Amino acid sequence: LGWQSSPVVRQLLTRSGFSALRRKGFVVEPHFHYWPGISEVQADCYLVGYWQSGKYFQLHASVICDDFKFALPLTDKNVELAKQISEVQAVSLHVRRGDYINNIKTNAAHGVCSIEYYRAAIQYISNRVKRPYFFIFSDDIAWVKDNLKMEMPCQYIDHNQGASSFNDMHLMSLCQHHIIANSSFSWWAAWLNPNPCKIVIAPKRWFTNSRNTSDLTPASWITL
């Protein structure tokens, strides 16, 4: 990138007023939904943006799944949970709070999924999956227990914290079906599940503003 390698310079170049100064290989995501121009970008480039659409890599899904396999094996309690997940019609349910609640800027951008969303998603799954068993993942399990009353068989997962949090994504990816939050964490867990018959339910409203998120979830997923 030469002189454009400086973090401060790169930040300035992302602004539309400085677009004329960008070298050809400095590519800024023009909008949040899929951008077809990505196919014409040179191999040696610097990409700026979220690029948060499966359409960018759907032709290479099998390669991505292989590359994104969890390198570390599950251990201790997670081994037993994985066994339980394999023995039932497991549905992962992810409730993200944490920084979505505590960080003012993050909360303003994302907000949190409503209880009504989760209730509707649980009902949708229950009407289509025989004897579903819900595995509930959250960074605030106490809040979930107090506010999302479960009438279906379920188990709460809260022991994977800090540096071991990635194990939650691993366990979620082993489930048959998914109810995700407006979070790329559970998005990837659901996407990495190879089950061709999986039901994935995602929130229709991913951000608090009117940003176009039509390409954020695969066409086969259900948005509520």
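Side-chain atoms are counted along with the backbone in the values below, which use heavy atoms only and exclude waters and symmetry mates. Quick note: residue numbers are just sequence positions, from 1. Here the structure is a predicted model, which is why all the values come from computation and not from measurement.
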*With rounding to the nearest 0.5 Å, note down the distance linking CD in Q89 to OG in S126.*
12.0 Å
*In Å, rounded to the nearest 0.5 Å, how long is the span from OH of Y34 to CG of N212?*
14.5 Å
*Applying the 4.5 Å side-chain criterion to the ILVMFWY set and letting contacts propagate, would I157 and L72 be lumped into a single cluster?*
yes
*Using salt bridge (Lys or Arg N to Asp or Glu O under 4.0 Å) as the criterion, list what pairs up with K145, not counting sequence neighbours.*
none
*In sequence, state the C-alpha distance, the side-chain angles, and the governing distance for Y46 and V48, and then conclude on side-chain contact (heavy atoms from CB on, under 4.5 Å).*
CA-CA 7 Å; Y46 183 88; V48 180; 3.4 Å; yes
*For the atom pair CZ (R211) and CH2 (W206), what is the distance rounded to the nearest 0.5 Å?*
12.5 Å
*With ILVMFWY side chains joined below 4.5 Å, transitively, what does L59's cluster contain besides itself?*
none
*Do you reckon V112 sits in the same ILVMFWY cluster as F185, going by side-chain contacts under 4.5 Å, direct or chained?*
no
*asked:* I'd like to know whether L74 forms a side-chain contact (heavy atoms from CB on, under 4.5 Å) with L174, so could you lay out the CA-CA distance, the side-chain angles of the two residues, the decisive distance to 0.1 Å, and finally the verdict.
replied: CA-CA 12 Å; L74 293 169; L174 299 177; 4.1 Å; yes
*In Å and rounded to the nearest 0.5 Å, what is the SG to CG distance from C65 to N193?*
9.5 Å
*Looking at K198 and A190, what are the two nearest heavy atoms and their distance?*
NZ-O, 2.8 Å
*asked:* Going by side-chain hydrogen bond (donor to acceptor under 3.5 Å, both in side chains), name the pairs with one or both residues in residues 48-60, residues two or more places apart or in two chains.
replied: K55-D215
_Using 0.5 Å steps for rounding, measure from the CE atom of M172 to the OG atom of S186._
5.5 Å
*If you look at every heavy atom in P132 and P153, which pair is closest and at what distance?*
O-CD, 3.9 Å
*Would you find a donor on one side and an acceptor on the other, under 3.5 Å apart, between the side chain of D139 and the backbone of R97?*
yes
*Flag if over 12 foreign heavy atoms under 6.0 Å of CD, E151*: no
*asked:* Is any side-chain heavy atom of W35 closer than 4.5 Å to one of E29?
replied: no
*Residue pairs fulfilling side-chain hydrogen bond (donor to acceptor under 3.5 Å, both in side chains) with at least one residue in residues 159-176, sequence neighbours excluded*: N78-H159, N78-N160, N160-D168, Q176-N195
*Each residue besides I115 in its hydrophobic cluster should be listed here, by chain and number; the cluster joins Ile, Leu, Val, Met, Phe, Trp and Tyr at side-chain heavy-atom distances under 4.5 Å.*
V91, L93, V95, Y117, Y118, I122, Y124, I125, V129, F134, I136, I141, W143, V144, L148, M150, M152, Y156, I179, I199, I201, I222, L224
*asked:* I'd like to know if V63 and L192 are part of one continuous hydrophobic network [Ile/Leu/Val/Met/Phe/Trp/Tyr, side-chain heavy atoms within less than 4.5 Å].
replied: no
*asked:* With a 3.5 Å distance limit and no angle check, can you tell me whether W187 reaches the backbone of L216 through a side-chain donor-acceptor pair?
replied: yes
*Sequence neighbours excluded, every pair satisfying salt bridge (charged side-chain N to carboxylate O under 4.0 Å, His left out) that has a member inside residues 111-132*: none
_Parallel, tilted or perpendicular: rings of W191 and F57 (30°, 60°)_ = perpendicular
*Without swapping roles, check the side chain of H178 against the backbone of I180 for a donor-acceptor pair under 3.5 Å.*
no
_Centroid separation Y133 to F135 less than 6.0 Å_ = yes
*Report the C-alpha distance between F32 and T213 in whole Å, list the side-chain angles of each, state the deciding distance to 0.1 Å, and finish with yes or no for side-chain contact (heavy atoms from CB on, under 4.5 Å).*
CA-CA 7 Å; F32 193 78; T213 58; 4.1 Å; yes
